[in-house]
Amino acid sequence: MAIWRNFTDLVRRFLASDVYYSFKRSPTVVVAFALTMLFMVSAAFAPWIVPHNTYEVATLNLMDAFLPPAWVQGGKLTYLLGTDDQGRDVFSTIILGARVSLLVGFASVALALTMGVALGLIAGYVGGVTDSVIMRVADVKLSFPAILIVLLIDGVARGILPRDVHDKAAVYVIVLAIGLSTWIQYARTVRGLTLVEKNKEYVQAARVIGLHPMLIMFRHVLPNVMGPVLVIGTLGLGIAVLTESTLSFLGVGVPPTEPSLGTLIRIGNNFLFSGEWWMAIFPGLFLVILVLSVNLLGDWLRDALNPKLR
Amino acid sequence: MFAYIVRRALQSILVMAAVAFVAFALFQYMGDPINQMVAQDASAAEREALRRTLGLDRPFYVQFLVFLKNLMTGNFGFSFRIGTPVAQIIAERLPATLELVLVAALFALFIGVPAGVYTGLHRHGAMSRFMLTVSLIGVSLPTFLIGILLILIFAVLLGWLPSFGRGQTVQLGFWSTGFLTASGLKALILPSITLGLFQTTLIMRLVRSEMLEVLRSDYIKFARARGLTNRAINFGHALKNTLVPVITIAGLQIGGLIAFAIITETVFQWPGMGFLFITAIQFVDVPVMSSYLVLVALFFVLINLVVDLLYFAVDPRLRVERSVSAH
């Protein structure tokens, strides 16, 4: 019962907060939030809600290949957005593809966030040589675009792992590559904030009563620097999804057996000239809607959490 | 200022050394080059002999120094896949990428700066809002999708422009240029728009926010009080002062253009370095991969250095501080 009361109390406090107020005020943000949620829920339950399970090769019918969308002459109503070269329902592949894209996006953001926050906290709180080393590494990496680092890590993994192992591990490799190339933003932000928090009274008090530095960092400083981290994480999700789809489009991303949105666009691109536009355009449209919604949400969060702008 | 330049130069050398080491490590640990070179049934003794003639039995720091010396003299090794010297392949591909990047950068500057000035001056105009919305969508559109859309509209549906390749090129010494033929110029249009669009929106937003900032300042108010024409105020005073950060960002973005050329070149089958790099990754062609890496890192380091120096040349405040501290 106590837990329930705590929960309702939390909800009540959230509904009365400034953040919720500013959320309610902006219709664009509400729409963006609804779309993001729609994508996430459909991604989570994708295998159960898709009209055709396109991973089941046995159910595919090559007679149904290259069908246009349902409203175009020659389209079938069961294949709402048409079919691809193997007779796979485009709408189903999009939902399943968005699932792969979001999975990679979330996992790589989680990796980058954990790494960046931990290193940023340590660099800011400990200072000295530790700080210099971490920040110099960050400087060097920051002078190269993330996409180049991602491609490099992916290339190295291809060289080290045998081909069949690499196909199975491709998703993990990409998560690792995106995570390793994007932790710097978190680290820099957290370091800056930690330097400010470090001199505040509550940290000094915690130090005086003899708490372990680790405890001070993660229990006391961390909650106070989480706001901006949340913003970078949201915007980072959009960037991660875009990076993953770019890699898959270039043919160095997830294997084509479980295609992501980028893989679908790559496949569709091959048929653009023969007039089968729907195979590339619809996955592209869904990708843009997803990324745009996440970006709008991140932009709003940045403004809503920034007390200076209120 | 001198100390600053020296520090920056040292930092650049450090970055280059780190990149060269990564490239060396790729060579060293990704697959045994001996296996690629000898016949299937070569004996252990033969392998060992080859290892010794190639210097692969020496300690790794000696090998690293040899590797560095080779890099300095332009000896990048042989491509595993094609078998020709990497330096030769890259020399063939370099002009295509640099021409594409140049045109994309010019496109970004000549559209981005005027658009930024316009949206900064007419803050609440319908046209400004429209341009800002378009730029937000432009940021959310991935590069490859912009390329596909442009191909669909201008190549497939309208048939106005070619969708792949460089068109006809003219050979000027070692440099093959697409600037001198009609088909070469036509082939440049779609790829350079695709590549430059993100930078265009970036520069536009930057110029806009800088303009808004500057237009609020006292000296602009004073210029208005003196009765100067709008033109003199907006362009002679306001725009001039927004250009310092624009030069920095535009310079740094050239590096971004080289990196994102990988994607554009793949979409348009553009025979440049980026396309070469992607193929190298797919086929694990280590010499090409590591040479590309070193070359791009060199570009980046040089660009960063030039931008830093430009900063001193453009911003008089930095020069004043220097002369003050010299006293």
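Throughout, a chain's letter reflects where its sequence line sits, starting with A, and its residues are numbered from 1.
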Given the options L152(B), I258(B), T143(B), L14(B), which has more heavy-atom pairs under 4.5 Å with chain A than any of the others? L152(B)
Top contributor to chain A interface from V267(B), V296(B), L145(B) [non-hydrogen pairs under 4.5 Å]: L145(B)
Measuring heavy-atom distances to chain A, does A18(B) have an atom under 4.5 Å in its side chain, in its backbone, in both, or in neither? neither
Any chance you could lay out the side-chain contact (heavy atoms from CB on, under 4.5 Å) test for I189(B) and F154(B), step after step, and finish with the verdict? CA-CA 10 Å; I189(B) 298 175; F154(B) 292 102; over 6 Å; no
What's the shortest heavy-atom distance between T200(B) and A108(B), and which atoms? OG1-CA, 3.4 Å
Correct closest heavy-atom pair for G238(A) and V294(A) would be N-CG1, 3.7 Å
Toward chain A, the part of L293(B) with a non-hydrogen atom under 4.5 Å: side chain
Is a side-chain donor or acceptor of S108(A) paired with a backbone partner of I178(A) at a separation under 3.5 angstrom? no
Is the closest side-chain donor-acceptor distance between Q185(A) and T189(A) under 3.5 Å? no
Counting heavy-atom pairs closer than 4.5 Å to chain A, which one of I278(B), T266(B), L141(B), I148(B) comes out on top? I148(B)
L151(A) versus chain B, heavy atoms under 4.5 Å apart: side chain, backbone, both or neither? both
Atom group of V19(B) that falls short of 4.5 Å from chain A, counting heavy atoms: side chain
Within a reach of under 6.0 Å around CD of E213(B), are more than 12 heavy atoms found that belong to other residues, nucleotides or ligands? no
Looking only at heavy atoms and a cut-off of under 4.5 Å, which of N295(A), L250(A), V291(A), L148(A) has the most pairs with chain B? L250(A)
Check each atom of I239(A) against the heavy atoms of chain B and say whether the ones under 4.5 Å are side chain, backbone, both or neither. neither
Bottom line for I281(A): the part with an atom under 4.5 Å from chain B's heavy atoms is side chain
For T243(A) and T246(A), test the side chains for any donor-to-acceptor distance below 3.5 angstrom and give the result as yes or no. no
